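These notes are about the structure you will find just below.
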2 protein chains.
Amino acid sequence: MTKRTLAAAVPMRFEDFKKEGAFSIADFCRDFYRANPDSIQVKKEAVAIKNLTTIILTTLKLSNEKGFHSMSLRDLSKASGLSMGALYLYFSSKDDILRIIQHYGHLAVGNILVKYVHQEGDPWMKLCGFIRVHLFLSELMKQWFYFFFMETKHLAKEYRKIPIKSELATEKICVDILNAGIRTGQFNAVDPGLTGAAVKALLQDWYLKPWKYKQRRITVDKYAQHVIGLVESYVTKQGASNDNDR
Amino acid sequence: MTKRTLAAAVPMRFEDFKKEGAFSIADFCRDFYRANPDSIQVKKEAVAIKNLTTIILTTLKLSNEKGFHSMSLRDLSKASGLSMGALYLYFSSKDDILRIIQHYGHLAVGNILVKYVHQEGDPWMKLCGFIRVHLFLSELMKQWFYFFFMETKHLAKEYRKIPIKSELATEKICVDILNAGIRTGQFNAVDPGLTGAAVKALLQDWYLKPWKYKQRRITVDKYAQHVIGLVESYVTKQGASNDNDR
DNA sequence: GTCTATATAACGATAGAC
DNA sequence: GTCTATCGTTATATAGAC
C-alpha cells in the first residue's frame with residue numbers, strides 16, 4: 001500500500017487528508033469532558049459528548065455569523081435546542097465557552113500540525129508539507145480558525161496570549177524549516193522571520209476570506225499549489241519554475 | 001525641486017508619505033458634516049467638526065481594544081468626554097456610528113489609493129507604488145483599516161457589501177497592473193486573480209497583526225521592501241534578485 | 001431673552017446568571 | 001421562569017453664547 005504524503009511528487013490532496021480524520025469534534029469533546037470532571041455537571045458521558053458537540057458547533061456557527069458577543073445565550077439555546085439551564089451544566093459562564101473553544105482548540109490544532117509536519121526530511125518537501133497541512137486543516141476546521149482570529153479580543157486579558165502564542169508557534173515551525181534550508185544552501189538567504197510571517201499571512205487568507213475563494217471557485221488544492229509556487233520562486237534556488245501554477 | 005514618488009529608484013519612504021497629508025481626520029469630518037446637514041443637529045461647524053473627530057477617534061480606539069459591540073455608549077461617552085445626549089446630536093444610533101465610519105472611511109481610502117497609484121507608467125513601478133501606498137496608508141490609518149476588517153459582521157445586512165466591494169476594488173487595482181505587465185511580457189504568466197489576492201493578503205497582515213511587527217521592530221518601510229522582493233521574484237522575469245531584502 | 005449645545009436621568013428591552 | 005445589571009435610547013433640564 002502506497003500512502004500519499006503531504007509533499008510527495010504526487011502530493012496529498014485535501015480529499016485524502018480529510019479521510020485521515022485528523023480532527024474529530026467528538027474526540028475533542030470527549031477529551032475535554034474527561035479532563036474536566038468537576039466543572040461539567042452531567043454524569044453520562046454519551047449525553048455529555050453529544051450536547052458539548054452541539055453547543056460548540058452552534059457557538060462557532062452563530063459567532064461566525066454575527067460575532068460571539070452579539071450572540072446571546074438565548075440565541076445559542078434556541079439554535080442548539082438546549083435550554084438555558086442546560087447550557088450551564090456544561091459551562092459556568094458565557095465567557096467560559098469562548099475560553100474553552102480558544103484554549104483547547106489551539107491545543108488540538110498545534111498537536112495536529114506538529115504531528116504532520118515532522119514526517120518529511122528535505123526542507124523544501126517539509127515546507128510544502130507545512131503549507132498543505134495548514135491549509136487542509138484550516139479548511140477542515142474553517143469555523144474554528146475564523147473564530148480563533150476574530151474573537152481574540154473578547155477573551156479576558158489573562159487569556160489573550162493564547163492565540164498569540166499559537167500564532168507564533170505555528171510560524172516557528174515554518175521559520176525552522178526555512179532556517180534549515182538556508183543552512184544547507186538549498187534555500188536563498190531570505191529573512192526567515194519576515195518570510196515566515198508572509199507564509200502565515202498567505203495561509204490565513206484562505207480562512208479569513210472564504211467568500212472570495214468560494215466565489216471564484218478556487219479549491220483548497222489549487223490555492224495550496226499557488227502559495228507553494230509563490231514561495232518556491234522566492235526561497236528556492238532553482239527559483240521561479242512557474243509551471244506548476246495550474 | 002525633485003519629488004520622491006512611490007516607486008522611483010530611490011523610493012518614497014513612509015516619512016515622506018506622511019508629510020503629504022494624504023488623509024486628514026478633520027477634512028474627513030468636515031466633508032461628512034457638510035454632506036449631512038439634516039442628520040447632524042449641531043449648527044456651528046467648528047464645534048461639530050471638533051466633536052465628530054473626537055467621537056470617531058474614540059470609537060476607533062475603543063473598538064480596536066475590545067470590539068465595537070462590546071463598547072457601550074457609556075464607555076464612548078466617558079472616553080470622549082461627551083455626554084450620552086451629546087452623542088445623539090451627531091449620530092442617530094450606535095449602529096449609525098459604525099455605518100458611517102465604514103462607509104465614508106472606505107470611500108476616503110479608495111479615493112486616496114486611486115489618486116496615488118495612477119502616477120507611474122511602467123507596470124513594475126506601478127506595482128511597487130501600489131504596494132507602498134497601500135502599506136503607507138494602512139500605517140497612517142491603522143485603526144481604520146483594522147476596524148474595517150474586524151467590524152464588518154456587525155454592520156446591518158444591507159451594508160455588508162461595502163467592505164467586500166472595497167476589498168475587491170483595491171484588489172482590482174493590483175490585478176489590472178498585473179494584467180498590463182503580463183500583456184507587455186514584462187511579467188511572468190502568473191494567475192492574476194490569485195496573485196492579486198496574495199498581494200492583498202500580504203498587505204493586510206501589516207495592520208491585522210501590528211503587535212507582531214512592533215515586537216520585531218520591523219518598520220513599514222522594511223516590510224514594504226520585503227513584500228516587493230517577494231512579489232518581484234514571482235512576477236518579474238529577471239526574477240529573484242533577492243539582494244534587496246535589507 | 002433666545003437659541004444652541006450639553007448634561008442628567010429615567011424608560012423599556014434584553015443581557016447573563018441561577 | 002426570575003432576578004438584577006446594563007444596554008441603547010430619549011425626554012427633559014441646564015448651561016453658555018450673543
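In what follows, every chain begins at residue 1, and chains take the letters A, B, ... in the order their sequences are listed. Just so it is clear, the model here is predicted, and its values are computed rather than measured. These numbers come from the heavy atoms of this one structure, side chains and all, not from hydrogens, waters or symmetry mates.
- Considering only side-chain atoms of B:Lys44, the nucleotide from C:dA5, C:dA10, C:dT6 that sits closest is C:dA5.
- Stem regions annotated for DNA chain C: C:1-18 with D:1-18, counting only runs of 3 or more consecutive pairs of Watson-Crick or G-U type with both contacts under 3.5 Å.
- For the pair A:Arg74 and B:Gly85, both in contact range of DNA chain D, the more 5′-proximal nearest nucleotide belongs to A:Arg74.
- B:Phe17 has its ring centre less than 6.0 Å from the ring centre of B:Tyr116.
- Across all strands, A:Leu73 comes closer than 4.0 Å only to sugar-phosphate atoms, never to a base (heavy-atom distances).
- Ring centroid separation for the pair A:His103 and A:Tyr159 does not come in under the 6.0 Å cut-off.
- Distances were taken from every side-chain heavy atom of A:Met84 (C-beta onward) to each of D:dG1, D:dC7, C:dT6; the shortest belongs to D:dG1.
- Screening A:Phe28, A:Tyr104, A:Tyr207 for a ring-ring contact (aromatic ring centres under 6.0 Å, His included) involving A:Trp144 leaves a single residue, A:Phe28.
- With contacts defined as side-chain heavy-atom distances shorter than 4.5 Å, the pair B:Ile40/B:Phe32 qualifies.
- Closest approach to the B:Tyr90 side chain among C:dA5, D:dT9, C:dT6 is made by C:dT6 (side chain taken as heavy atoms from C-beta onward).
- At the heavy-atom level, B:Phe91 lies nowhere under 4.0 Å from the strands shown.
- Among the nucleotides C:dA17, C:dT6, D:dG8, the one closest to the side chain of B:Ser72 is D:dG8.
- When distances run from any side-chain atom of B:Lys94 to the nucleotides D:dT9, C:dG16, C:dT6, the shortest one goes to D:dT9.
- Remark on DNA chain C: of its neighbouring residues B:Gln41 and A:Ser93, the 5'-side contact belongs to B:Gln41, judged by nearest-heavy-atom nucleotide.
- Which of C:dC18, C:dA5, D:dT10 sits closest to the side chain of B:Tyr88 comes down to D:dT10.
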